[in-house]
2 protein chains.
Amino acid sequence: MEEAPCPPAGERRRDAAATRLRLLEAARDLFAERGYEGTTVREIAERAGANQALLFRYFGSKQGLLTEVVAQGGLERLRATPPGELFEASLRSLLTGSATGAADRSLEVYLRSVGRGEEEAGTLRELGEEYQSALATLSGAEDGALRADLAMAWLLGIGLMRTVVAREPLAGADPDAVCRLVLGALDHLWSAPDRTE
Amino acid sequence: MEEAPCPPAGERRRDAAATRLRLLEAARDLFAERGYEGTTVREIAERAGANQALLFRYFGSKQGLLTEVVAQGGLERLRATPPGELFEASLRSLLTGSATGAADRSLEVYLRSVGRGEEEAGTLRELGEEYQSALATLSGAEDGALRADLAMAWLLGIGLMRTVVAREPLAGADPDAVCRLVLGALDHLWSAPDRTE
DNA sequence: CCCAGATGTAAGCATCTGCTTACAACGGTA
DNA sequence: TACCGTTGTAAGCAGATGCTTACATCTGGG
């Protein structure tokens with residue numbers, strides 16, 4: 001049912017799988033850039049060089065597209081990253097515009113797409129929980145999950161400030177300098193003593 | 001031209017100033033809850049108990065309303081808060097749902113409204129710069145502005161995680177516990193040595 | 001009292017949104 | 001070659017959105 005057996009080598013004139021993939025990639029990029037609500041299905045189809053009707057044929061709805069983008073692009077690579085490297089990898093990915101490719105654009109999609117909608121929130125929740133449980137292992141404290149949430153909140157905030165607000169000096173700051181400051185402060189977040197009366 | 005001199009004391013039957021104010025307050029709350037793009041002018045008018053045409057008569061456009069909301073509600077009170085108290089006040093305001101009233105809802109408006117639009121970004125930029133310059137005084141380091149940006153990013157991220165993602169344990173965490181962790185880590189951000197090779 | 005301006009209302013316009021439908025073109029198969 | 005499912009296209013629908021227009025109603029000063 002998959003893997004076309006016939007076409008010699010090059011690209012096919014009519015290739016559903018390729019079109020589907022182009023739609024997926026266009027959606028991933030646009031969701032990361034403009035957020036879920038800020039992106040229209042027409043823009044996605046246009047960037048993919050496809051007709052918008054195909055988007056609904058392949059994904060059912062705009063929401064279905066988001067679900068697939070998050071599930072495919074985000075979760076899989078996230079699960080492959082060791083928790084100890086996750087924060088810095090994600091941070092550097094955000095700072096360099098996802099050039100390292102470690103955490104791809106899942107954080108940015110998450111960042112820009114968390115809106116008011118119930119459905120989108122549900123779809124993105126799993127991605128967030130995946131981050132949380134990974135980061136929670138970094139602190140042995142009882143409230144490790146809370147600290148993980150706070151760390152992830154900082155990631156989201158930095159991404160927000162860089163890609164959305166784009167204000168100096170954060171937007172143009174040296175990734176190493178930012179990492180040094182953030183990771184230094186985070187060290188104390190991980191190792192802070194448990195609630196001691 | 002202002003201050004009606006005649007009406008005895010109570011409320012007037014037809015009071016433009018009061019209607020204007022209700023629209024402003026409704027817009028402030030809705031922008032804070034749903035973001036700029038997620039809020040419709042019809043919702044604002046409805047919550048204010050006014051006709052939507054009045055919104056355009058008084059503010060020209062939806063964008064004009066945002067500008068006024070930020071300028072009036074946000075900047076003025078922000079400028080009245082000492083920098084040393086700004087971060088904790090804003091953080092507690094976010095954590096308790098703006099109950100303290102210190103930093104009002106300007107941070108939330110900022111948080112939920114930073115979208116793709118050029119105009120909105122321009123309007124909100126001034127608010128962000130105000131926060132930055134206030135926080136930048138907390139660190140004597142050369143890169144104080146960068147550290148201020150990072151601190152504000154954390155604020156935004158925490159607000160995002162709490163009000164938008166609403167995931168436990170952050171959403172229901174004790175504000176004091178969160179403050180303890182965040183302020184502790186922030187201490188090290190303010191006092192970290194300058195870039196030492 | 002009476003009228004001009006201030007205030008509030010209802011309806012609608014133009015456009016955009018997610019989504020659907022009807023149809024054309026292609027391509028492997030028999 | 002004839003066929004039929006697959007892939008791609010064009011047009012449009014119903015609803016929502018920002019904004020405008022034409023009109024009703026109130027209020028205060030002459």
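Chain letters run A, B, ... following the sequence lines, proteins first and then strands; every chain starts at 1.
Taking atom NZ on B:K62 and atom C1' on D:dT20, their separation rounds to 17 Å, with Å as the unit. Per the geometry, CD belonging to B:E37 stands 10 Å off P belonging to D:dG18, to the nearest Å. As a whole-Å value, the separation of B:L23 CG from C:dT9 C1' is 14 Å. Rounding to whole angstrom units, CD of residue B:E43 and P of D:dT17 are separated by 7 Å. Between A:D15 atom CG and C:dG28 atom C1' the separation is 14 Å, expressed in whole Å.
Close to D:dA16, at under 4.0 Å from its OP1 or OP2, lies no side-chain N or O of B:T40.
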Could you give the side-chain donor-acceptor pairs of residues 46-57 of chain A under 3.5 Å, partners two or more places apart or in another chain?
residue, atom, partner, partner atom, Å
A:R47, NH1, A:E33, OE2, 3.4
A:N51, OD1, A:A53, N, 2.8

Which pairs would a plain distance check flag for residues 140-158 of chain B, meaning a side-chain donor or acceptor within less than 3.5 Å of a matching protein atom at least two apart in sequence or in another chain?
residue, atom, partner, partner atom, Å
B:D143, OD1, B:R147, NE, 2.7
B:D143, OD1, B:R147, NH2, 3.2
B:R147, NH1, B:L189, O, 2.9
B:R147, NH1, B:W190, O, 3.3
B:R147, NH1, B:A192, O, 2.7
B:R147, NH2, B:A192, O, 3.0
B:R147, NH2, B:P193, O, 3.4
B:D149, OD1, A:R167, NH2, 2.5
B:D149, OD1, B:Q132, NE2, 2.9
B:D149, OD2, A:L170, N, 3.2
B:D149, OD2, B:Q132, NE2, 3.3
B:W154, NE1, A:L150, O, 2.8

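Near DNA chain D, meaning a heavy atom under 4.0 Å from it, residues 44-60 of chain B has B:Q52, B:A53, B:F56 in order of number.
Projected onto DNA chain C by closest heavy-atom contact, B:T19 and B:R42 fall at different nucleotides, the more 5' of which corresponds to B:T19.
For B:D176, the salt bridge (charged side-chain N to carboxylate O under 4.0 Å, His left out) partners are B:R92, not counting sequence neighbours. For B:A16, the side chain to side chain contact (heavy atoms under 4.5 Å, CB included) partners two or more places apart in sequence, or in a different chain, are B:Y58. Partners of B:E85 under the salt bridge (charged side-chain N to carboxylate O under 4.0 Å, His left out) rule, at least two apart in sequence or in another chain, do not exist in this structure.
B:Y36 places a side-chain N or O within 3.5 Å of a backbone atom of B:Q63 that can act as its donor or acceptor partner.
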